[in-house]
There are 2 protein chains.
Amino acid sequence: MLLSKSCVYGLRASLYLAARNQGEFIPIRTMSDKLEISFHFLTKILQQLTAEGILESFKGPNGGVRLTREGTEIQLIDIVLAIDGPQLLTECALGLPGCGVKNPCPLHDKWAETRDAIHEMLEKTTLTELVHKGKLENLRLTTEGGFDILFDN
Amino acid sequence: MLLSKSCVYGLRASLYLAARNQGEFIPIRTMSDKLEISFHFLTKILQQLTAEGILESFKGPNGGVRLTREGTEIQLIDIVLAIDGPQLLTECALGLPGCGVKNPCPLHDKWAETRDAIHEMLEKTTLTELVHKGKLENLRLTTEGGFDILFDN
DNA sequence: TATTATTGAGACTCTTTTATCTTAAAATAC
DNA sequence: GTATTTTAAGATAAAAGAGTCTCAATAATA
Ligand code: SF4
Ligand code: SF4
């Protein structure tokens with residue numbers, strides 16, 4: 001898999017937050033229910049995002065988490081780096097240590113190109129952009145549920 | 001990681017075979033020594049490639065494995081599919097089951113593009129092509145060893 | 001102040017991946 | 001035919017990833 005499960009869950013939750021973002025704190029339990037992710041597991045993932053300054057949290061009744069910045073200012077790469085780290089964008093395709101131009105493997109040039117394509121996609125895509133698209137076309141964030149199901153009630 | 005460790009080892013070994021290919025069987029032990037991969041682990045990986053018809057093996061003295069086809073006719077994708085399966089090229093970036101155009105997630109369009117770029121890279125690159133490049137520029141297949149070290153003696 | 005709702009943190013378990021070890025089967029060479 | 005070299009197959013072990021559980025800390029509210 002390109003992204004770890006933790007990372008994917010972090011992305012889904014971030015999209016959820018960006019879709020509701022009115023500055024309110026959303027309880028993690030709400031998200032874990034709606035997104036069909038284990039509550040405790042999601043909690044740990046969101047703690048990482050909080051530690052990285054992407055989210056802020058508030059304890060107690062009416063507490064929860066929210067984005068620290070506008071969804072327009074958060075790129076997918078921010079979340080990927082916070083959770084999976086930079087490996088995907090820096091590692092050798094052949095798994096050799098210390099990938100770099102001075103000591104490349106035969107795949108280097110081609111892989112560097114592909115890697116850049118991945119990087120660019122993650123860097124140019126904002127949460128808001130995906131939320132707009134998701135709302136317009138009622139796309140899904142869970143196995144079944146489209147944007148409409150997730151956010152009404 | 002984009003590719004599993006098994007897959008990467010399979011690729012390295014395939015490149016090794018393509019680089020020496022004179023129709024001779026190469027013992028797995030030779031490859032595991034040269035490529036610094038655990039012998040037993042490499043054996044199991046190459047058994048998969050043999051089962052998929054990419055390699056053929058021969059037991060006993062002077063035995064080993066060799067490519068069934070010319071290196072010019074083996075693409076990286078063949079090895080990736082044999083070891084990691086098609087998941088990388090068919091899975092949803094958000095980990096949702098049954099990725100497809102009828103029920104997409106918000107990332108679908110962008111991910112499909114990126115995925116195609118990966119697919120194309122793997123599909124258009126042959127073993128021979130990488131071997132030529134590796135020999136010309138003495139690139140590495142191990143942490144330290146360039147093509148020259150691996151194949152002399 | 002007591003209760004409840006919430007995140008934080010850590011221990012723990014389960015699963016998958018990675019790696020090792022042992023034995024069997026096949027082919028050769030003596 | 002016996003010993004040797006090699007792959008095949010499967011059991012086992014170690015490490016990493018994914019997921020669960022428990023309890024502590026914080027804040028609101030009754
Ligand atoms: S360069 Fe290659 S060895 Fe260096 S890193 Fe990139 S893919 Fe590998
Ligand atoms: S399509 Fe999307 S949901 Fe469907 S798969 Fe592709 S990335 Fe996902």
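Note that the structure is a prediction, hence the values are computed from the model and not measured. Throughout, a chain's letter reflects where its sequence line sits, starting with A, and its residues are numbered from 1.
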- With sequence neighbours excluded, what pairs up with A:P86 under the side chain to side chain contact (heavy atoms under 4.5 Å, CB included) test? A:L81, A:T90
- Query: Who pairs with A:T142 by side chain to side chain contact (heavy atoms under 4.5 Å, CB included), at least two apart in sequence or on another chain?
  - Reply: A:L35, A:E36, A:L150
- Message: So if I take residues 45-56 of chain B and measure heavy-atom distances to DNA chain C, which residues fall below 4.0 Å?
- Response: none
- Message: Strictly below 4.0 Å, N to O, side chains only: are B:E120 and A:K110 in salt-bridge contact?
- Response: no
- Note on the structure: The remaining residues in the hydrophobic cluster of A:F25, counting side-chain heavy-atom contacts under 4.5 Å among Ile, Leu, Val, Met, Phe, Trp and Tyr, are A:F58
- Work out how much the helix from C:dT1-D:dA30 to C:dC30-D:dG1 bends between its end axes, five pairs an end, to the nearest 10 degrees. 10°
- To the nearest Å, how far apart are A:F39 CZ and C:dA9 P? 14 Å
- Item | Side-chain donor or acceptor of A:T30 paired with backbone N/O of A:I26 under 3.5 Å | no
- Item | Exam field: side chain A:T125 to backbone A:L122, donor-acceptor pair closer than 3.5 Å | no
- Task: Each residue besides B:L136 in its hydrophobic cluster should be listed here, by chain and number; the cluster joins Ile, Leu, Val, Met, Phe, Trp and Tyr at side-chain heavy-atom distances under 4.5 Å.
- Result: none
- Item | Those residues that, when tested against A:T68, pass side chain to side chain contact (heavy atoms under 4.5 Å, CB included) (two or more places apart) | A:E56
- Check side chain to side chain contact (heavy atoms under 4.5 Å, CB included) between A:S6 and all other residues, then give those that pass, not counting sequence neighbours. A:S4, A:F41, A:I45, A:I83
- Item | Outermost nucleotides of DNA chain D that come under 4.0 Å of a non-hydrogen atom of chain B | D:dT5 to D:dA11
- Hey, what do you get for OG1 (A:T43) to CE (A:M31), rounding to the nearest 0.5 Å? 8.5 Å
- Per-nucleotide protein contact along nucleotides 21-30 of chain C, 5' to 3', at a 4.0 Å heavy-atom cut-off (B base, S sugar-phosphate only, - neither), is BB---SBBS-
- With sequence neighbours left out, which residue pairs that include part of residues 3-14 of chain B fulfil the salt bridge (Lys or Arg N to Asp or Glu O under 4.0 Å) condition? none
- Under 4.0 Å between a side-chain N/O of B:S6 and OP1 or OP2 of C:dT18, yes or no? yes
- Message: If you count heavy atoms of other groups shown closer than 6.0 angstrom to CD of A:Q87, is the number above 12?
- Response: yes
- Would one find a side-chain N or O of B:S38 under 4.0 angstrom from OP1 or OP2 of C:dT20? yes
- Is there a side-chain polar atom (N or O) of B:Y9 under 4.0 Å from OP1 or OP2 of C:dT18? no
- Query: Between B:K5 (NZ) and C:dA19 (C1'), how many Å, whole number?
  - Reply: 10 Å
- Query: How would you list, by chain and number, every residue that makes a side-chain hydrogen bond (donor to acceptor under 3.5 Å, both in side chains) with B:E137, sequence neighbours excluded?
  - Reply: B:K133
